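Beneath this line is the structure, given in structure tokens, with notes to follow.
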Protein chains: 4
Amino acid sequence: MMIEIDFDSEVPIYTQLVCQIKKGIALGSLAPGEPLPSVRNLASDIGINLHTVNKAYKQLVGEGVVIQVKKGYEIAKKTPPDISEAYLKVMMQQIDNLVVDAMVFDLDILDLLKKSKTKLEGEMPRD
Amino acid sequence: MMIEIDFDSEVPIYTQLVCQIKKGIALGSLAPGEPLPSVRNLASDIGINLHTVNKAYKQLVGEGVVIQVKKGYEIAKKTPPDISEAYLKVMMQQIDNLVVDAMVFDLDILDLLKKSKTKLEGEMPRD
Amino acid sequence: MMIEIDFDSEVPIYTQLVCQIKKGIALGSLAPGEPLPSVRNLASDIGINLHTVNKAYKQLVGEGVVIQVKKGYEIAKKTPPDISEAYLKVMMQQIDNLVVDAMVFDLDILDLLKKSKTKLEGEMPRD
Amino acid sequence: MMIEIDFDSEVPIYTQLVCQIKKGIALGSLAPGEPLPSVRNLASDIGINLHTVNKAYKQLVGEGVVIQVKKGYEIAKKTPPDISEAYLKVMMQQIDNLVVDAMVFDLDILDLLKKSKTKLEGEMPRD
DNA sequence: GTGGTCTAGACCACT
DNA sequence: GTGGTCTAGACCACT
């Protein structure tokens, strides 16, 4: 599992971490039940503070995609987890904004989306 | 042009303003060349600080959808404006994250997107 | 609103804070919509770190009894808020343990509970 | 005597052990004077570290519900045992918090308590 | 002045 | 070795 953090990004590090781990889950490189690296290990690997990793893990637990067990954190077994109403609302808001942006800049949002999907599938590991 | 601000939202007010104005442009209620309300007027109309309006206008100028002229700000005439590489990169990042979220939560992103488009078109004023 | 923290207790400070604020809500000394002290003010008042206050506030938000608005945190207007299934499960577990303890030590749990209620009502401010 | 441990619970294993054994005492499946399984046996039965069992037993001794004898540990003969002031204080604190939570979430604490009692009595073995 | 993010580092509980 | 709690302090975004 490769984690890539852009330290110059305006997106908080813990948010980037959350996205990267969900990407791992979506692509199947992180399997249900698989343990996540320990908070301290991942922090020192990436070169960030352990609190930052912890915040990301806690958020993933809140979203239901990661669970906390005695020995640490692991990918939730239930897939897909229930999505909260609040989270879905935020997603819809983001989609609305993207649609508006696409109209303003005359971009084909459906096309961009399909490209994104294709790119992601290309990163999927073969069995 | 109706501007709706949610003061309790976690989304910064200036960001909401930017989105609302772009929505006006996308829907055609703000035409190319049309002047925007003065910073002071809009600020007192909405009941926010004038720095907040200014920040929103400046961002819209940076995105190329608004231009600053002698007497104030107006919607750029060229439609669609050129999208900056940086902004496109941000958009693609958002799309990637949405696609991943949709995979993780087993949502049909294409369907959500089409619903958003239909909703938006429904808000479009008739000629 | 008086906040009392026992620094020698094994109960984490942020948990004590959560309980104290909920007590304030239950007793009516914290009214719906009322703003909470700022994270930094409360922290310096009590003499603890601002992160500790923040953690307590975040938990209260998660429980739905506090909401976060632009200018800070305030008591949620909707009372009572919906209780989450997970939280209710924890409560039932605690009750079960209390019932067992009462049986083992031959205490009248109903009586203890009524005393607690009476004591609490005694602390309620009169109109 | 059945011991059920939830290894994924956030409740420490030794705490769960303490509760389970007190439940056995309350229900009468563990009689006064009855020997407890040896630390090593119970640990290997449950599949946990023997330090964990030891910690649970020591806590039960501290609470006066278990005594340590030459050949090991056994249920105290005197029933009910004296409850320590410290322990009673902790119990009252828990009750206070439950009462507050019930007020905040508009739950009928007396009803919940009665349900818990009924459930427990239902688990009681018949003579 | 409000909260958010992040760091560096300490001590503790659980197993 | 795992996460939890807490501190002290810094810089930043929003208004």
Side-chain angles (χ1 to χ4, degrees), chain A residues 5 7 9-18 35-44 46-59 61 66-74, chain B residues 5 7 9-17 43 46-56 59, chain C residues 5 7 9-18 35-44 46-59 61 66-74, chain D residues 5 7 9-17 43 46-56 59:
Chain A
I5 300 295
F7 292 96
S9 166
E10 291 188 8
V11 181
I13 294 174
Y14 79 90
T15 305
Q16 293 185 51
L17 243 183
V18 166
L36 286 169
S38 85
V39 169
R40 278 164 170 82
N41 267 353
L42 187 53
S44 89
I46 304 180
I48 59 178
N49 193 277
L50 89 178
H51 292 306
T52 307
V53 175
N54 207 277
K55 187 162 187 179
Y57 279 11
K58 288 292 184 198
Q59 179 168 325
V61 169
V66 161
I67 59 167
Q68 183 162 18
V69 292
K70 269 284 151 50
K71 28 176 238 257
Y73 294 87
E74 60 184 45
Chain B
I5 300 294
F7 291 97
S9 165
E10 291 186 11
V11 181
I13 292 174
Y14 80 92
T15 306
Q16 291 185 53
L17 245 182
I46 306 180
I48 59 179
N49 194 293
L50 94 187
H51 295 309
T52 309
V53 176
N54 210 274
K55 185 162 185 179
Q59 179 168 325
Chain C
I5 300 295
F7 291 97
S9 166
E10 292 187 7
V11 181
I13 295 173
Y14 78 90
T15 305
Q16 292 185 54
L17 243 182
V18 166
L36 286 168
S38 84
V39 170
R40 278 163 170 83
N41 267 353
L42 187 52
S44 89
I46 305 180
I48 60 177
N49 193 278
L50 89 178
H51 292 306
T52 308
V53 176
N54 205 278
K55 187 163 186 176
Y57 280 11
K58 288 291 184 198
Q59 180 169 325
V61 169
V66 161
I67 60 166
Q68 183 162 17
V69 292
K70 268 286 151 48
K71 28 178 236 257
Y73 293 88
E74 61 183 43
Chain D
I5 300 295
F7 290 98
S9 166
E10 291 186 11
V11 181
I13 292 173
Y14 82 92
T15 305
Q16 292 186 52
L17 244 182
I46 306 179
I48 58 179
N49 194 294
L50 93 188
H51 295 309
T52 309
V53 176
N54 210 276
K55 185 161 186 178
Q59 179 167 326

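Reminder, nothing fancy here: chain letters follow the sequence lines and each chain counts from 1. Just so you know, these numbers come straight off a predicted model, no measurement behind them.
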ask   = Do side-chain atoms of A/Q16 reach the backbone of A/V11 as a donor and acceptor pair under 3.5 angstrom?
value = yes
inquiry  = Looking at D/T15, is its backbone amide N or carbonyl O close enough to the side chain of D/Q59 to form a donor-acceptor pair, meaning the two atoms are under 3.5 Å apart?
reply    = no
Using a cut-off of strictly less than 4.0 Å, decide whether [X] has a side-chain nitrogen or oxygen near OP1 or OP2 of [N].
| X | N | result |
| --- | --- | --- |
| C/K71 | E/dG3 | no |
| C/K70 | E/dT2 | no |
| C/S38 | E/dG3 | yes |
| A/Y73 | F/dG4 | yes |
| A/T52 | E/dT5 | no |

task = Dump the intermediate steps for side chain to side chain contact (heavy atoms under 4.5 Å, CB included) on D/F7 and D/I48, then the final yes or no.
result = CA-CA 10 Å; D/F7 290 98; D/I48 58 179; 3.4 Å; yes
For [X] and [N], give me the distance from atom [atom1] to atom [atom2], rounded to whole Å.
| X | N | atom1 | atom2 | result |
| --- | --- | --- | --- | --- |
| D/L17 | E/dA13 | CG | P | 19 Å |
| A/N54 | E/dT7 | CG | C1' | 14 Å |
| A/I46 | E/dT5 | CD1 | P | 17 Å |
| C/K55 | E/dG4 | NZ | P | 15 Å |
| C/I5 | F/dT5 | CD1 | C1' | 14 Å |
| A/Q68 | F/dT5 | CD | C1' | 13 Å |
| A/F7 | E/dT5 | CZ | P | 16 Å |
| D/E10 | E/dT15 | CD | P | 13 Å |

What pairs of nitrogen or oxygen atoms, one from the protein and one from nucleotides 9-12 of chain E, lie under 3.5 Å apart?
{"unit_1": "E/dG9", "atom_1": "O6", "unit_2": "A/H51", "atom_2": "NE2", "d": "2.5"}

message = Does B/I48 reach a base, just sugar-phosphate, or nothing at all? Heavy atoms under 4.0 Å.
response = nothing
ask   = Which part of the nucleic acid does D/Y14 contact within heavy-atom distance under 4.0 Å: base, sugar-phosphate only, or nothing?
value = sugar-phosphate
ask   = If you write DNA chain F from 5' to 3' in dot-bracket form, with Watson-Crick or G-U pairs under 3.5 Å, [ ] for crossing pairs and | for pairs with another strand, what do you get?
value = ||||||||||||||.
Can you find a pair of side-chain heavy atoms, one from [X] and one from [Y], that are under 4.5 Å apart?
| X | Y | answer |
| --- | --- | --- |
| B/V53 | B/L17 | yes |
| C/Y73 | C/N54 | yes |
| C/Y57 | C/P37 | yes |

key: First encountered from the 5' end of DNA chain E, between C/V39 and A/G47   = C/V39
note = The nucleotide from F/dG3, E/dC6, F/dT15 with an atom nearest the side chain of A/P12 is E/dC6
ask   = Where the side chain of A/I13 is defined as all heavy atoms beyond and including C-beta, which of F/dT15, E/dT15, E/dT7 is the nearest nucleotide?
value = E/dT7
note = Separation between CD1 (D/I5) and CD1 (D/I46), nearest 0.5 Å, reads 5.0 Å
Distance (rounded to the nearest 0.5 Å) between C/L36 CG and C/N41 CG = 12.0 Å
ask   = So, for C/V61 and C/Q68, which heavy atoms are closest and what is the spacing to 0.1 Å?
value = CG2-N, 4.5 Å
query = Do you know which two heavy atoms are closest between C/V39 and C/L50, and how far apart they sit?
reply = CG1-O, 3.3 Å
